[in-house]
Amino acid sequence: MARASFAKMNGLGNEIIVADMRSRADRVTSEAARALDADPATKFDQIMAIHDPRTPGTDWFVRILNSDGSSAQACGNGMRCVVQALAAETGRSVFTFETIAGILNAAEHEDGTISVDMGRPRFGWQDIPLAVEFRDTRAIELQIGPIDAPVLHSPSVVSMGNPHAIFWVDEDVWSFDLDRFGPLLENHPIFPERANITIAQKTGPDTLTIRTWERGAGLTKACGTAACASAVAAARTGRTGRLVSIVAPGGTLKVEWREDDHVVLTGRAEWEFSGSFDPATGAWARDTESAA
Ligand SMILES: N[C@H](CCC[C@H](N)C(=O)O)C(=O)O
């Protein structure tokens with residue numbers, strides 16, 4: 001099969017590869033994902049693979065892979081990169097995508113920011129999913145196990161199509177050893193599909209400062225669905241209103257949990273370079289004109 005085009009982009013430092021798999025019958029393999037992640041030039045957090053539409057009324061289907069080769073149901077920063085790439089290609093500014101989490105409407109605004117309707121949050125313990133029944137997922141009792149992180153307890157859990165656990169802290173989020181206990185919590189048996197782990201500090205009336213250890217990707221500079229999950233959990237627990245600024249290491253995102261229950265994520269995306277790659281093996285080459 002001929003090579004496929006890709007664009008290396010980022011959403012507030014969340015490293016994204018947008019792969020053009022339209023009009024192709026193959027898909028990006030986990031082997032290719034791990035090979036691309038192993039190369040410092042193409043190291044990424046998620047691949048957003050654009051495929052031909054599966055449902056009438058949608059523009060394209062977007063398949064999401066984490067850098068460990070696992071598939072993700074949703075990726076807010078990645079969707080903004082997809083919108084920016086397709087707006088540049090088509091001249092359009094409004095799109096309807098489908099992912100395994102459902103239908104996502106998105107729009108690029110005049111000022112270059114991009115809003116993605118990330119759909120409705122899910123709170124039921126089986127929707128997160130959790131391995132044990134919890135009636136109130138605003139704060140679940142999670143025995144963190146053999147690590148000395150006494151201040152981490154009672155996370156809020158939310159699904160944005162993918163599972164999130166939000167640990168509320170009163171101290172600076174940088175004072176936590178997230179790279180040490182992130183993987184322990186990501187793989188905690190309470191999360192049968194693993195989970196994205198976020199520590200969140202309320203730093204203003206409607207502002208949270210967060211850091212995220214992502215399922216299947218590790219520490220990232222920003223995580224769009226974690227921003228959505230944190231904002232919804234904050235509103236749900238009375239910490240903020242429904243329009244929240246989320247300050248991540250890579251920048252600030254705006255999240256609105258609308259009265260119709262949809263969660264809209266707004267922020268920027270950045271193009272870095274383009275190339276072509278083999279979706280089976282991950283072998284790639286940079287486009288020459290983009291090297292200029
Ligand atoms: N970085 C992505 C989240 C990817 C989620 C993925 N780590 C998973 O759920 O497995 C975002 O901006 O929403």
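Sequential numbering from 1 along the given sequence is applied to the chain's residues. Just follow the structure's listing: the first ligand is 1, and inside any ligand the first atom is 1.
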Using a 3.5 Å cut-off on N or O atoms only, is [X] in polar contact with ligand 1?
X	answer
G224	yes
A72	no
Q73	no

Which atoms of ligand 1 are found less than 4.0 Å from any heavy atom of [X]?
X	value
N77	11 (C), 12 (O)
T225	3 (C), 11 (C), 12 (O), 13 (O)
N14	1 (N), 2 (C), 11 (C), 12 (O)

* Asked: Please walk me through it: do E186 and R215 pass salt bridge (Lys or Arg N to Asp or Glu O under 4.0 Å)?
  -> CA-CA 6 Å; E186 171 195 356; R215 174 180 67 169; over 6 Å; no
Would you kindly say whether [X] and [Y] are connected by a side-chain donor-acceptor distance under 3.5 Å?
X	Y	value
N10	W271	no
T212	T198	yes
N162	Q73	no
Q46	E214	yes

* **F123 six-ring centre to R236 NZ/CZ under 6.0 Å and within 45° of normal** => yes
Measure the distance from [atom] to every protein heavy atom, then report the residue, atom name and distance (to 0.1 Å) of the closest one.
atom	answer
atom 5 (C) of ligand 1	N162 ND2, 3.3 Å
atom 6 (C) of ligand 1	N66 OD1, 3.2 Å
atom 2 (C) of ligand 1	C75 SG, 3.3 Å

* From the candidates E214, R215, M48, the one that places a heavy atom nearest atom 4 (C) of ligand 1 -> E214
For ligand 1, is any non-hydrogen atom under 4.0 Å from [X]'s backbone (N, CA, C, O), its side chain (CB onward), both, or neither?
X	result
Q46	side chain
A217	neither
A74	backbone

* To do: Determine, step by step, whether D45 and K221 satisfy the salt bridge (Lys or Arg N to Asp or Glu O under 4.0 Å) criterion, reporting the C-alpha distance in whole Å, the side-chain angles of both residues, the deciding distance to 0.1 Å, and the verdict.
  => CA-CA 10 Å; D45 299 321; K221 291 193 181 136; over 6 Å; no
* To do: Could you establish whether D45 and ligand 1 come within less than 4.0 Å of each other, counting only heavy atoms on the residue side?
  => no
* Asked: Under a heavy-atom criterion of less than 4.0 Å, does C223 contact ligand 1?
  -> yes
* Whether over 12 other heavy atoms sit under 6.0 Å from K202 NZ -> yes
* Geometric class of the F191/H188 ring pair [parallel <30°, tilted 30-60°, perpendicular >60°] -> perpendicular
* Asked: When the ring planes of W284 and F6 are compared, do they come out parallel, tilted or perpendicular, using 30° and 60° as the limits?
  -> perpendicular
